[in-house]
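Notes follow the structure.
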Amino acid sequence: MIEMDPHPDFTAPLLEWYDANKRDLPWRKNTDPYRIWVSEIMLQQTRVDTVIPYYERFMEKFPTLDALAEAPEDEVLKSWEGLGYYSRARHLHMAVKEVKERYGSRVPDNREEIMSLKGVGPYTAGAILSIAYGKPEPAVDGNVMRVLSRFYLITEDIAKPGTRLLMEKLVRKMMPEGRAGDFNQALMELGALICTPKSPHCLICPVMSNCRGRLEGMELSLPVKKKAKPPRPVQRLVAFVEGEDEHEGKFLIRRRPDEGLLAKMWELPHYEIQPDTMATSQLGEQLLKEDGIYANIGEWILNEEHTFSHLHWEMHVYRCRGRMVSERTLSSDRYRWITVDDMQDYAFPNVFIRIIQNIHHRDT
DNA sequence: GACGCGTGGCC
DNA sequence: TGGCCAAGCGT
């Protein structure tokens, strides 16, 4: 026996609701695969309202895949400044260059090739294939898992990789003919607007009447998700090193390593310290000297806390007078003397922008 | 499978 | 106020 539509009371009302309620978002103007791609990367773990201005600027600066492929990496990183998860920008840039060279600037339209691109995983691949190419591929993100875990009362931990596979199977079975992109987006839109994590708006939900989670009063305890480990606290001594003589009016910045946390971003020099040794100027001067920076630690300026997903920095910022920086250090090209105005040429994590602007404010 | 990887908004 | 969360991916 052939099942015509195993989910008639979900798919149809959902699509109808989506048609009437979908938001007017900049990446919904057309289905250019490159535009969809950029939007999906930016939207990873990031809110729509945060992404919109970044997306607008990014598409203005890099309107086509070729434009992005030909841009210097530092410019791409600068366009991502403040958005977080900066490896997304570097991976997107790498992947776009790959598409330009290997596929003649045409974004692949099959799972194998598109998944081989840096930064494109199962979700993003499904999103591009369905939205840009109309292929019946699932695009299962956090929204989709929340919606489906509630509707079908699925109690698997959504933090486990296997759960996503289960959801993808479900979506494949539910996928309506000819409307793959709309269906995937409708699932996410429902999760974003109605089936929200904390206080779902069940009374106006288009599929309320068949939602098992709701019917059994479980909507607030779904989805099941294992708690993340708390960020590890670390103390850092931050050196605001002001130049003398020919570097008068400038301060010293440093480029981070090519891999890892905030890779390739610029920052103020800072060093891990033990809680009980902080504020000892001798230790600070020793740490700076190991980097080839000869400076005196001066007055304490401010403390700043910053929490990453896995780290919590407690930053103690000190004013320093930079007598000189060793030739080896400067020639490494990872250190620069700059003014506040020069910051427009360098990509900084937000935490350092805050610190520098704060210092600049109190100095002027 | 577990961890590393940013940031800001929300209640 | 702080813990939680948001259109995940790489290793």
Side-chain angles (χ1 to χ4, degrees), chain A residues 22-23 25-28 36-55 77 80-92 94-95 114-128 130-132 138-147 157-165 167-168 171 181 183-193 195-200 220 223 225-234 256-257 259-265 267 304-313 347-354:
Chain A
K22 69 177 172 189
R23 289 169 290 180
L25 300 171
W27 44 88
R28 287 181 176 161
I36 302 298
W37 185 5
V38 171
S39 75
E40 293 301 339
I41 300 298
M42 283 192 174
L43 287 162
Q44 288 170 7
Q45 303 291 284
T46 312
R47 288 184 159 72
V48 164
D49 289 343
T50 304
V51 165
I52 289 174
Y54 280 88
Y55 183 78
L77 214 47
W80 217 270
E81 181 182 82
L83 198 50
Y85 285 141
Y86 300 102
S87 66
R88 291 183 296 175
R90 292 181 294 107
H91 287 158
L92 173 63
M94 267 188 269
I114 204 166
M115 284 266 294
S116 75
L117 298 169
K118 267 281 185 284
V120 179
Y123 163 74
T124 305
I128 297 171
S130 62
I131 298 169
V140 174
D141 70 341
N143 281 316
V144 176
M145 290 205 276
R146 185 172 59 256
V147 168
D157 181 353
I158 64 166
K160 293 200 297 198
T163 306
R164 199 204 69 241
L165 291 174
M167 303 280 181
E168 286 176 349
V171 172
F183 182 61
N184 283 334
Q185 292 186 83
L187 278 169
M188 293 187 272
E189 198 83 339
L190 189 75
L193 300 181
C195 196
T196 52
K198 294 292 187 187
S199 51
L220 287 179
K225 188 179 180 185
K226 197 186 67 182
K227 264 198 218 138
K229 276 199 324 187
R232 176 170 58 90
V234 182
R256 294 184 59 84
E259 294 182 342
L261 180 65
L262 304 169
K264 296 189 175 181
M265 304 286 284
E267 63 181 4
E304 177 83 17
E305 304 205 1
H306 189 69
T307 307
F308 300 93
S309 308
H310 59 300
L311 277 181
H312 180 79
W313 280 355
F348 288 87
N350 266 7
V351 56
F352 289 102
I353 295 177
R354 272 206 308 278

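Here the structure is a predicted model, which is why all the values come from computation and not from measurement. First the proteins, then the strands, lettered A, B, ... as listed; each starts at 1.
No side-chain heavy atom of W27(A) sits under 4.5 Å from any side-chain heavy atom of I131(A).
Y123(A) and E40(A) are linked by a side-chain donor-acceptor pair at a separation below 3.5 angstrom, with hydrogens and angles left out of the test. Side-chain polar atoms of R88(A) and Q45(A) form no donor-acceptor pair below 3.5 angstrom.
Heavy atoms of T50(A) sit nowhere under 4.0 angstrom from any nucleic acid atom. Across all strands shown, V120(A) has heavy atoms under 4.0 Å from sugar-phosphate atoms exclusively, and none from any base. In this structure, R146(A) reaches the sugar-phosphate backbone alone: every heavy-atom distance under 4.0 Å involves primed, P, OP1 or OP2 atoms, never a base. Counting any heavy atom pair closer than 4.0 Å across all strands shown, L25(A) reaches a base atom. Residue contacts shown for W27(A) include a base, since a base heavy atom lies under 4.0 Å away.
Side chain of Y123(A), nearest nucleotide from dG10(C), dC4(C), dG8(C): dG8(C). For H91(A), counting side-chain heavy atoms from C-beta on, the closest listed nucleotide (dG10(C), dA6(C), dC9(C)) is dG10(C). Looking at the side chain of K198(A), the nearest of the listed nucleotides dC9(C), dC4(C), dA6(C) is dC4(C).
When DNA chain B is scanned in the 5' to 3' direction for atoms under 4.0 Å from non-hydrogen atoms of chain A, the outermost contacting nucleotides are dG1(B) to dG8(B).
Atom CZ in R164(A) sits roughly 9 Å away from atom C1' in dG8(C) (whole-Å rounding).
Judged as a salt bridge (charged side-chain N to carboxylate O under 4.0 Å, His left out), and not counting sequence neighbours, the contacts of R23(A) are E189(A). Annotation: side-chain contact (heavy atoms from CB on, under 4.5 Å) contacts of S87(A) (sequence neighbours excluded): R90(A), H91(A).
Each of G162(A) and H306(A) lies near DNA chain B, and the nucleotide nearest G162(A) is the one positioned closer to the 5' end. Each of G119(A) and D141(A) was matched to the nucleotide of DNA chain C holding its nearest heavy atom; the match closer to the 5' end belongs to D141(A).
Comparing the P positions of dA6(C) and dC5(B) gives a spacing of 22 Å, expressed to the nearest Å.
Taking the ring centroids of W313(A) and F308(A), they lie under the 6.0 Å cut-off.
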